[in-house]
Amino acid sequence: MDGLIMDYQLTLPAILRRAEQLFGHKEIVTRLPDRSFHRYTYADFAVRAKRLALALAELGIGDGDRVGTLCWNHYRHLEAYYGIPLAGGVIHTLNLRLHPSDLTYIANHAGDRALIVDESLLPLYEGIKDGLDLEHAIVISEGGEAPAGMLSYEELIAGVDEADYTELQIDERSAAAMCYTSGTTGQPKGVLYSHRAIALQAFAAAMAGPFGLHEADTTLPVVPMFHANAWCFPFTCTLVGAKQVYPGPHLDPASLLQAFEQERVTVTAGVPTIWLGILALLDADPGAYDLSSLRAMIVGGSAAPRAMIQAFQERHGLNVVHAWGMTEMTPLGTVAMLTSDLLDAPDEVKYEYLSKQGLPVPYVEIRARREDGELVAWDGETMGELEVRGVWVASRYYGDEDTGDRWTADGWFKTGDVVTIDGRGCIEIQDRSKDLVKSGGEWISSVALENALMGHPAVAEAAVIAMPHEKWTERPLAVVVLKPGGSATDTELREYLASGFAKWWLPDEFRFVEEIPKTAVGKFRKTALREQFAPAPGSAEVAS
Ligand code: ADP
């Protein structure tokens, strides 16, 4: 027997209708390239998103058509987040930090018919445009004429009347957005998000437990809108009616801190490298900024070092919320939290849990599998590859027939992340399977060593990679960036680690460098480090 409930479609127009009806007066703030602040309301935003939909429809963009964006985080990008799907299209956010050849590959693989580009990114666009198969190129600028061959975003919007807008009947299962994995471990793969997946994730992120975003929040996503939907902030915040602040291209620690203070930001989100930069600035000049409004700094994308979480809390009274996700998961998977049984635990134990990746959010299920194919016990010790399923987990990659090995026969997604799961269902990422150090048949977690090293007072950043070894197959090598004025020798660092790790886990070698190469979304680029430090074949470094 069917339930007798309306078949209400979970779509982006439903989010926009609510935002318009209830939150038309709320504010959306953007820092423009010239550093001034642009302000308007949700009501203004909704009108312009509809106009964009109308203008795109006039250009022939319709059902399922991909429209790329090459943009920073700002209000017009937010309009595109809604306007493109409102026209029936799919917003494909392109990562402006990728190499031009990757961008060309991704835009063509996705079949982008049109592209919306920030004026400041025109040099990047100029370098790739000949390799693209676009029908329309649209420039976002603060005034002046569009370059030859391009349309002006503002002129397009001005040329239509929102009174002509009628909402399309969109099936919640149809595609609304698209994002390629950033290719940390291989060729970028396209993930195609449905309206339903986005609407449900926005709903889940608003729950207490995950992020608890609500109307009274002021949010500033540092995570780029081209990285996994800016972790759904543009959707969740619009759904709940939070004041939204976008940093534009100004992502340096001082600009961010100034925006947090000025706009009274309550929740912000970004990768650890952003927060490490902010911590250094706060440490250098404690009390320089009034951050009393900030209730949560969400960190994900790479493991958040425990020392960083502890330092923010103890030295600056700031609360770091650690989350794990993947482009393939729209992207939210787990969030660290203190369950009721931990509320009275000693601080040491609390920090231990706050620096794990946490519990799966509602409608995400987890399990992990050992190399021999057996599922791991939830004992907090046995490592295995994490598998997930849920309402917003990709069921396959776009236009890619060869990636079936990423899904199990019973339909779970194999994350490539190696974890332990404890009795509470709390996961701890030990490594990406490609980054694990396999020493003498046992696994060493590079993440655990890195996090411990980054707790040393003289260490700014540390990455641990596997080096080939005749006897042990692989041994860990630590690449370390010291803080300005900091000093530490390899012997000191090895001794520092020795208190927390088995002897065979300790890196054989430490290399001190000026900088660790990063990926387009700010993660350590370990493939580059492995190449940089790879011993020449047959050299003495392939040691025994
Ligand atoms: P890419 O796969 O190209 O790096 P994603 O942004 O989708 O792009 O990265 C997802 C991966 O990032 C996860 O599989 C995991 O390895 C890593 N990751 C994300 N969040 C965390 C976290 N909190 N702790 C450790 N690793 C994380």
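One is the number of the first residue; the rest follow in order along the sequence. Computed over heavy atoms, backbone and side chain alike; hydrogens, waters and symmetry mates excluded. When a ligand or atom number is given, it counts from 1 through the structure's own listing order.
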Worksheet item: side-chain contact (heavy atoms from CB on, under 4.5 Å) between N95 and H227: does it pass, once the steps are laid out?
Response: CA-CA 7 Å; N95 184 337; H227 183 199; 5.8 Å; no

Item to complete: Look at atom 12 (O) of ligand 1 and find which of M326, K523, R525, H322 reaches it with the closest heavy atom.
Response: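 Checking each option, the heavy atom nearest atom 12 (O) of ligand 1 is found in K523.
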
Would you say ligand 1 has an N or O under 3.5 Å from any N or O of [X]?
X: G301; answer: yes
X: A323; answer: yes
X: T181; answer: no

Which segment of [X] sits under 4.0 Å of ligand 1 when only heavy atoms are counted:
X: T327; result: both
X: R432; result: side chain
X: S302; result: backbone

Worksheet item: What are the atoms of ligand 1, with element, lying closer than 4.0 Å to any heavy atom of H227?
Response: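 So the atoms of ligand 1 that pass are 6 (O).
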
Worksheet item: Just which atoms of ligand 1 are under 4.0 Å from any heavy atom in D417?
Response: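 Under 4.0 Å from D417, ligand 1 has these atoms: 13 (C), 14 (O), 15 (C), 16 (O).
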
Worksheet item: So, K526 and E450, do they make that salt bridge, N to O below 4.0 Å?
Response: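 Looking at E450 together with K526, the answer is yes, because their closest N to O distance falls below 4.0 Å.
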
Between [X] and [Y]: side-chain donor-acceptor atoms closer than 3.5 Å:
X: T266; Y: R295; answer: no
X: T181; Y: E328; answer: no
X: Q244; Y: T238; answer: yes

Item to complete: Evaluate the criterion side-chain contact (heavy atoms from CB on, under 4.5 Å) for residue pair M308 and Q310; output intermediate values, then yes/no.
Response: CA-CA 5 Å; M308 181 189 88; Q310 206 161 340; over 6 Å; no

Discussion item. Tell me if a side-chain donor or acceptor on K414 pairs with a main-chain N or O of D405 at a distance below 3.5 Å.
Written reply: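 Yes, K414 side chain to D405 backbone: donor-acceptor pair under 3.5 Å.
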
